[in-house]
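Structure, as structure tokens:
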Amino acid sequence: MNTAGMLAEAFARVGEAVHAAVEGLPPDDLNARVDAGANSISWLVWHLTRVQDDHIADAAGTGQIWLTGGWADRFALPFDETATGYGHTGDEVAAVRVDSAEPLLGYFDAVHERTLGFVAGLEGHALDRIVDEGWSPPVTLGVRLISVIAEDLQHVGQAAFVRGMLERA
């Protein structure tokens with residue numbers, strides 16, 4: 001398996017897990033928070049998708065699907081449209097609410113498709129390219145992609161855990 005294939009496989013697993021965590025849930029479950037400091041499934045999936053969208057768009061030199069695909073308008077969240085969820089307060093987490101799984105999965109699937117297209121085109125030493133000079137050492141594309149996969153898996157795992165708690169309740 002080549003590098004592009006390995007990355008595509010990792011992102012495909014994220015996609016499967018997102019769908020498993022979200023599909024079939026009613027809005028009350030998607031938006032539920034097990035306590036005031038917890039994240040909802042809606043926020044977790046929105047956040048992991050926003051981070052992936054932001055980081056892949058930056059690496060690919062394209063616009064974020066959140067903005068170019070009209071998703072910011074569809075979600076109509078009460079904070080800056082460039083927000084990705086980093087540092088969100090409990091009130092901001094609570095503000096990410098959906099009326100169905102459709103917007104979460106629609107936005108995720110659009111970002112996922114673009115991500116798979118991006119990683120499919122990676123060849124040679126593409127992963128060695130510096131994409132963020134703001135860290136020491138500077139962040140390479142390879143490190144950035146692994147960070148996105150790790151964050152996505154962490155948050156979708158949290159969403160699956162919340163789903164399990166709600167189903168047992």
Side-chain angles (χ1 to χ4, degrees), residues 6-60 62-120 144-169:
M6 183 183 67
L7 290 167
E9 177 66 22
F11 280 111
R13 290 177 187 220
V14 170
E16 291 166 5
V18 165
H19 278 265
V22 171
E23 287 177 349
L25 288 181
D28 285 347
D29 286 355
L30 291 167
N31 299 316
R33 296 172 70 198
V34 296
D35 69 36
N39 298 322
S40 67
I41 293 170
S42 296
W43 185 88
L44 288 161
V45 172
W46 169 82
H47 170 63
L48 75 84
T49 308
R50 284 294 297 123
V51 169
Q52 184 173 333
D53 189 9
D54 173 77
H55 288 12
I56 299 298
D58 183 58
T62 63
Q64 293 178 28
I65 290 171
W66 178 250
L67 302 171
T68 63
W71 292 101
D73 292 334
R74 287 181 212 159
F75 276 75
L77 299 176
F79 29 82
D80 188 279
E81 65 184 9
T82 61
T84 62
Y86 280 125
H88 266 186
T89 66
D91 289 342
E92 289 168 320
V93 168
V96 179
R97 300 184 58 79
V98 295
D99 293 329
S100 74
E102 186 279 323
L104 290 172
L105 293 176
Y107 176 46
F108 175 81
D109 288 344
V111 170
H112 182 69
E113 182 178 324
R114 195 256 325 265
T115 299
L116 292 178
F118 175 70
V119 299
R144 177 61 42 92
L145 292 173
I146 294 301
S147 294
V148 170
I149 292 165
E151 175 149 336
D152 283 359
L153 289 172
Q154 177 181 4
H155 289 314
V156 76
Q158 292 166 346
F161 178 79
V162 171
R163 181 181 180 134
M165 288 181 65
L166 294 170
E167 289 175 345
R168 286 177 186 78

Discussion item. Is it the case that the ring center of W46 lies less than 6.0 angstrom away from the ring center of F108?
Written reply: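 No, they do not, as the ring centres are separated by 6.0 Å or more.
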Nearest heavy-atom pair of [X] and [Y]: which atoms, and what distance?
{"X": "V45", "Y": "A159", "result": "CG2-CB, 4.5 Å"}
{"X": "R33", "Y": "A94", "result": "NH1-CB, 3.3 Å"}
{"X": "P78", "Y": "A95", "result": "CG-CB, 3.7 Å"}
{"X": "F11", "Y": "L145", "result": "CZ-O, 4.2 Å"}
{"X": "F118", "Y": "A59", "result": "CZ-CB, 3.9 Å"}
{"X": "Q52", "Y": "R114", "result": "O-NH2, 4.4 Å"}

Do [X] side-chain atoms and [Y] backbone N/O form a donor-acceptor pair below 3.5 Å?
{"X": "E167", "Y": "G164", "answer": "no"}
{"X": "S42", "Y": "R97", "answer": "no"}
{"X": "H47", "Y": "T84", "answer": "yes"}
{"X": "D58", "Y": "D54", "answer": "no"}
{"X": "D53", "Y": "I65", "answer": "yes"}
{"X": "R144", "Y": "I56", "answer": "no"}

Take atom [atom1] in [X]; do more than 12 heavy atoms of anything else shown fall under 6.0 Å from it?
{"X": "E23", "atom1": "CD", "value": "yes"}
{"X": "F161", "atom1": "CZ", "value": "no"}
{"X": "R74", "atom1": "CZ", "value": "yes"}
{"X": "D80", "atom1": "CG", "value": "yes"}

Discussion item. Under a 3.5 Å cutoff, is there a donor and acceptor pairing between the side chains of H19 and D109?
Written reply: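 A donor-acceptor contact under 3.5 Å links the two side chains.
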Worksheet item: Can R50 and Y107 be said to form a side chain to side chain donor-acceptor pair (under 3.5 Å), step by step?
Response: CA-CA 9 Å; R50 284 294 297 123; Y107 176 46; 3.2 Å; yes
Practice prompt. Could you label the plane-to-plane angle of the W43 and H88 rings as parallel, tilted or perpendicular, counting under 30° as parallel and over 60° as perpendicular?
Written response: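 The arrangement is tilted - the two ring planes meet at 30° to 60°.
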Close side-chain approach of [X] and [Y], heavy atoms under 4.5 Å:
{"X": "H112", "Y": "L116", "value": "yes"}
{"X": "V18", "Y": "L48", "value": "yes"}
{"X": "T89", "Y": "V93", "value": "no"}
{"X": "D29", "Y": "I41", "value": "no"}
{"X": "L7", "Y": "I149", "value": "yes"}

Discussion item. So, taking the atom named OG1 in T49 and the one named NE2 in H155, what distance separates them when rounded to the nearest 0.5 Å?
Written reply: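 Between atom OG1 of T49 and atom NE2 of H155 there are 10.5 Å.
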Worksheet item: Would L44 and V156 count as a side-chain contact (heavy atoms from CB on, under 4.5 Å) if you check the C-alpha gap in whole Å, the side-chain angles of each, and the deciding distance to 0.1 Å?
Response: CA-CA 7 Å; L44 288 161; V156 76; over 6 Å; no
Item to complete: Check step by step if side-chain contact (heavy atoms from CB on, under 4.5 Å) holds for T82 and W66.
Response: CA-CA 8 Å; T82 61; W66 178 250; over 6 Å; no
Worksheet entry | From CA spacing to verdict: side-chain contact (heavy atoms from CB on, under 4.5 Å), L104, F75 | CA-CA 9 Å; L104 290 172; F75 276 75; 4.1 Å; yes
